[in-house]
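Everything numeric in this text was worked out from a predicted model, so none of it was measured. What's counted below: heavy atoms across the whole structure, side chains too, no hydrogens, waters or symmetry copies. Each chain gets a letter, A, B and so on, in the order the sequences are listed, and its residues count up from 1.
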Amino acid sequence: MDYNFVEIEKKWQAYWAEHHTFRVQADPSKPKYYVLDMFPYPSGAGLHVGHPLGYIASDIYSRYKRLKGFNVLHPMGYDAFGLPAEQYAIQTGQHPAKTTEQNIARYRQQMDRIGFSYDWSREVRTCDPAYYKWTQWAFLEMFNHWYNPETDKAEPIETLIAKLREEGRWDGLSEKERSDLLMQYRIAYLGETSVNWCPALGTVLANDEVKEGYSVRGGFPVEQKKMKQWQLRVSAYAERLLSGLDSLDWTDSLKEMQRNWIGRSQGAEMVFHVFNGDKEYEMTIFTTRADTIFGVTFMVLAPESDWVEKLTTPEQKEAVEAYLLQAKKKTERERIAETRKVTGVFSGSYAVNPLTGEKVPVWISEYVLAGYGTGAIMAVPAHDSRDYAFARTFNLPIIPLIEGCDISESSFDAKEGTMCNSGFLNGMSVKEAIPAAIDYVEAKGIGRRKINYRLRDAIFSRQRYWGEPFPIYYKDGIPYPMPQSCLPLQLPEVDKFLPTETGEPPLARAKDWTYEGHPIETSTMPGFAGSSAYYLRYMDPHNDQALVSRDADEYWRDVDLYIGGTEHATGHLIYSRFWNKFLYDCGYVCEQEPFRKLINQGMIQGRSNFVYRIKNTNTFVSCGLKDQYDTTEIHVDVNIVHNDRLDMEAFRRWMPDFATAEFILEDGEYICGWAIEKMSKSMFNVVNPDSVCERYGADTLRMYEMFLGPLEQSKPWDTQGIDGVHRFLRRFWKLFFDRDVFSVTDEKATPAELKALHKLIGKAQDDIEHFSFNTTVSAFMIAVGELTDLKCRKREILEPLTIVLSPFAPHIAEELWQMLGHGESISFAAFPVYNPAFTVEDNVKYPVQFNGKMRFVIELPKSLAPSEVEAAVRADANTEKYLQGAAVRKVIVVPGKIINIVC
RNA sequence: GCCCGGAUGGCGGAAUCGGUAGACGCGCUAGUUUCAGGGACUAGUAAACGCAAGUUUGUGCAGGUUCGAGUCCUGUUCCGGGCACCA
């Protein structure tokens, strides 16, 4: 009987669906385990073999945990709002809901074929009103809360009003003034800031959606623009987002990325008096190098800073305006490209160094950012490379502050050396001087310790159609939250998915987009809104009274294992943690951090194949002979190439141009060239999981993807090895058969058979716990090889073997499990208990060192008592050979398996 | 520029605590099979020398610690990733 994977897989996929095998309920009698995949955005292209890598790993772990007796929550859903569906809708006029629906159906079909153990009854879709009701709800909660720095948590806005009232800052204010005042505190707020504006997409974008001046989606140029937008006060959580990382079981590189993104920087704020003619102001700046204050020779303002207007003198007005204009016109891209170019203009005003009393000029330059610190800096050209470049360009003085530093070519940025030219700081090391300087300015009342973060608030509105509407309406220009009874506020129909003629977002086209006669917000929420709390929704997906019930939350608590790509390091994974911490502050969830352990699966790259066409002919020459001709390299569809050998008939059928192709062969075959490239349609190297399932079966696909290499590593999809894995499954299948007849005996297993089995159980258990799935597959291959050699067809061995294998190859395992006479699914069998007694080696290898030099290794029986070792060493043939007749005076057995021989 | 991570046969990759480097798979070589094959099976396969037993070299490069280093330390080169005027 052959291993008929097509039938087996169809049969068991149907069985699981019909019996709801993987449906899960909260069960306090069992320990819970929550395994989550980052849910996919269902794109039109469908899945390629790279996508399921993480899903397969999480599925193996889920199935393993079930065998270990855990109540496993393993859900899946779709991140269904987003730009591509909308772009497609604009092009074709098709409603994004429709294309999204189609894409989801295709994804589901592809996933089902791989045999995942998801509880599909818990599926969520972010574009489903029953789901986005809770996204909107969370937004309203954020609108109605503020961050209290004293308690260090979010609190209802009422506590703020009470506080303001107490301080006499509330009564007597107009409705508008009150709204504006509260806006400065709300967690979700409407605020004017410089934003990333993408004209091509017609929307603003968050920092993580922009890379090198281009939009991540679509690659369009992005510019800076001051706009009024909804924002989330993520920055309020900066410290907690940073310190929370310590408790997480994430990779160091991922934590490091988040730390960089949060960008904590410890320093001081200092007050400088600035003079524009006879007008005097106090200007606060931020610095991490308070010790260098004696070296300040000028000040610099960001072009967008409010100080620019106050400090521009009438004489300099024209020059400053010209500078601002040309700075404004630059796109973000140009700003980045010209990073090294120094530009700036003198404001005409002067500042006074609070320590030296010296007068220094105030300049304006692009290299100072409005959004960080106070948008103004003190410049110390001797010890900051950017200030140095600026001073050199505009001929400003440079005062060295560290003994013996060389500043003739560049600044001395290192925080080391002994201070000089610095008044009371002279003679101190830099490390002493920094706190000493801050202590001094604090004592003098001209500055204070301050921590700044790079992390900015998240821009939360998008001028697009396909997203969650804001439950906000405007009365007299003041934004008001809609009552909860209005949720979900459903996305309205529009005639076109484009902005209006007046440049308003698409929702402005909707008929009657009002609440009690007042206009409703026309922006929609960004992609990360729906993905920020989806892991909570899976716990209780059908609850229409709450995002998640207290009971469900207290049982499932948090995600124990989260698997997904590293591309979400500074986006989703920050927002989600923020969102969770906010809900935690409000008392809706019981864990501070949502994702306990996180694994980033590597990308699967494509392995492209090439054919070589002799120029101006339709003749193709095999790779090994191509250097003898003048050829053009052409990508060829990897699906008509097997082990780098071209299927020539399929090639002729592939494209009309090649129908008459001729070939120059090597040994009767056409060998293709190859290269590792990104998996993409244009390089014809996309491998679809369906075609692999068709050819080899889902179990082979699953095992092969794991066998390819460590989970976290990026690696190319290389079909060369897949035959080996398939061969292994067939060999495993054959273990159960004697000349085509299923024949498993109840005979007692021999020590050798038990050893092979338990070696596997121990290794597999250990490797799976460490997510080393590639070595687990190797262990399977070794075990099956050994059992084949032993001609073992015993139930005592084969039953546990099948259980251990079942997380990796569930279909074949189910089939054999049934043939072994079990009525129930193997999914909830008990993982066999590892007994190390069976695997003990008979002999131990001892490295032997003699007269101080290690020379050789001898093998002694494990059963040897320590007192017997000496005699055994003396008697060993190797010992005799190396001692060459010298007398052994003493043998010392060192713990840790070292034997010393003294002659 | 700054911060992470990595470098092991022809290839993907093993090596849990510093203890026989190269597991497992691919590929390749030879052979077996009433063998159409992209089938099944057996043996070999780090390199150099050798008929062989064997000997020597060997984990990017240069040093160091150790009886012993792919593994630890110092320096260096290359590759991958992240951040990038963040004061």
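Listed by chain and number, the residues in a side-chain hydrogen bond (donor to acceptor under 3.5 Å, both in side chains) with A:H572 are A:Y562 (sequence neighbours excluded). A:F272 meets the ring pair (Phe, Tyr, Trp, His ring centres under 6.0 Å) test with no other residue; sequence neighbours excluded. In this structure A:F808 satisfies the side-chain contact (heavy atoms from CB on, under 4.5 Å) test together with A:I60, A:M703, A:M706, A:I768, A:F773, A:T776, A:V777, A:F780, sequence neighbours excluded. Under the side-chain contact (heavy atoms from CB on, under 4.5 Å) criterion, A:S691 pairs with A:N639, A:V687, A:N688, sequence neighbours left out.
A distance of 6.0 Å or more separates the ring centres of A:F298 and A:F394.
Between B:C83, B:A87, B:G39, one nucleotide has an atom nearer to the side chain of A:T570 than all others, and that is B:C83. Comparing B:U16, B:A23, B:G39 by their nearest atom to the side chain of A:S778 picks out B:A23.
For B:G22 and B:G70, the C1' atoms lie 11 Å apart once the distance is rounded to whole Å. The same atom, P, is picked in B:G25 and in B:C35; the two are 25 Å apart, to the nearest Å. The same atom, P, is picked in B:C61 and in B:U8; the two are 10 Å apart, to the nearest Å. Between B:G10 and B:A47, the distance separating the two C1' atoms is 13 Å to the nearest Å. Remark: the separation of the C1' atoms in B:A14 and B:G50 is 31 Å, to the nearest Å. Between B:U74 and B:C26, the distance separating the two P atoms is 41 Å to the nearest Å. To the nearest whole angstrom, the two P atoms, one in B:C11 and one in B:G27, are 15 Å apart. Of the C1' atoms belonging to B:U77 and B:A40, the separation is 49 Å, rounded to the nearest Å.
Applying the side chain to side chain donor-acceptor pair (under 3.5 Å) test to every pair with at least one member in residues 283-297 of chain A, sequence neighbours left out, gives these pairs: A:R289-A:D291.
Note on ring orientation: taking the six-membered ring where Trp is involved, the planes of A:W717 and A:Y704 are perpendicular (angle over 60°, cut-offs 30° and 60°).
Look at CE on A:M257: it is 12 Å from C1' on B:G80, rounded to the nearest Å. Taking atom CH2 on A:W717 and atom P on B:C26, their separation rounds to 15 Å, with Å as the unit. For the pair A:N774 CG and B:A14 P, the computed distance is 5 Å after rounding to whole Å. Rounded to a whole Å, the NZ atom of A:K734 is 13 Å from the P atom of B:G39. Rounding to whole angstrom units, CZ of residue A:R454 and P of B:C83 are separated by 9 Å.
Checking the phosphate oxygens (OP1, OP2) of B:C83, no side-chain nitrogen or oxygen of A:R259 falls inside 4.0 Å. A close approach under 4.0 Å does occur between a side-chain nitrogen or oxygen of A:S265 and OP1 or OP2 of B:A87. A sub-4.0 Å separation between OP1 or OP2 of B:G13 and a side-chain N or O of A:Q713 is present. Residue A:R727 places none of its side-chain N or O atoms closer than 4.0 Å to OP1 or OP2 of B:C41.
Residue A:L708 is in sugar-phosphate contact alone, with no base atom involved, counting any heavy-atom pair closer than 4.0 Å across all strands shown. Residue contacts for A:N452: at a heavy-atom cut-off of 4.0 Å it reaches no nucleic acid atom on any strand shown. Across all strands, A:P716 comes closer than 4.0 Å to no nucleic acid atom at all (heavy-atom distances).
Taking for each of A:W261 and A:A376 the nucleotide of RNA chain B with the nearest heavy atom, the 5'-most of the two is the partner of A:W261. Between A:E256 and A:Y372, the residue whose closest nucleotide on RNA chain B is further toward the 5' end is A:E256.
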### Query
Passes ring pair (Phe, Tyr, Trp, His ring centres under 6.0 Å), A:Y367 versus A:F390? Steps please.
CA-CA 9 Å; A:Y367 84 86; A:F390 195 83; 5.5 Å; yes
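For A:M603, the CE atom counts as loosely surrounded, since its 6.0 Å shell holds 12 or fewer non-hydrogen atoms of other residues, nucleotides or ligands.
For RNA chain B, the stems formed by at least three consecutive Watson-Crick or G-U pairs, with both atom-pair distances below 3.5 Å, span B:1-7 with B:77-83, B:10-12 with B:24-26, B:27-33 with B:39-45, B:46-49 with B:54-57, B:60-64 with B:72-76.
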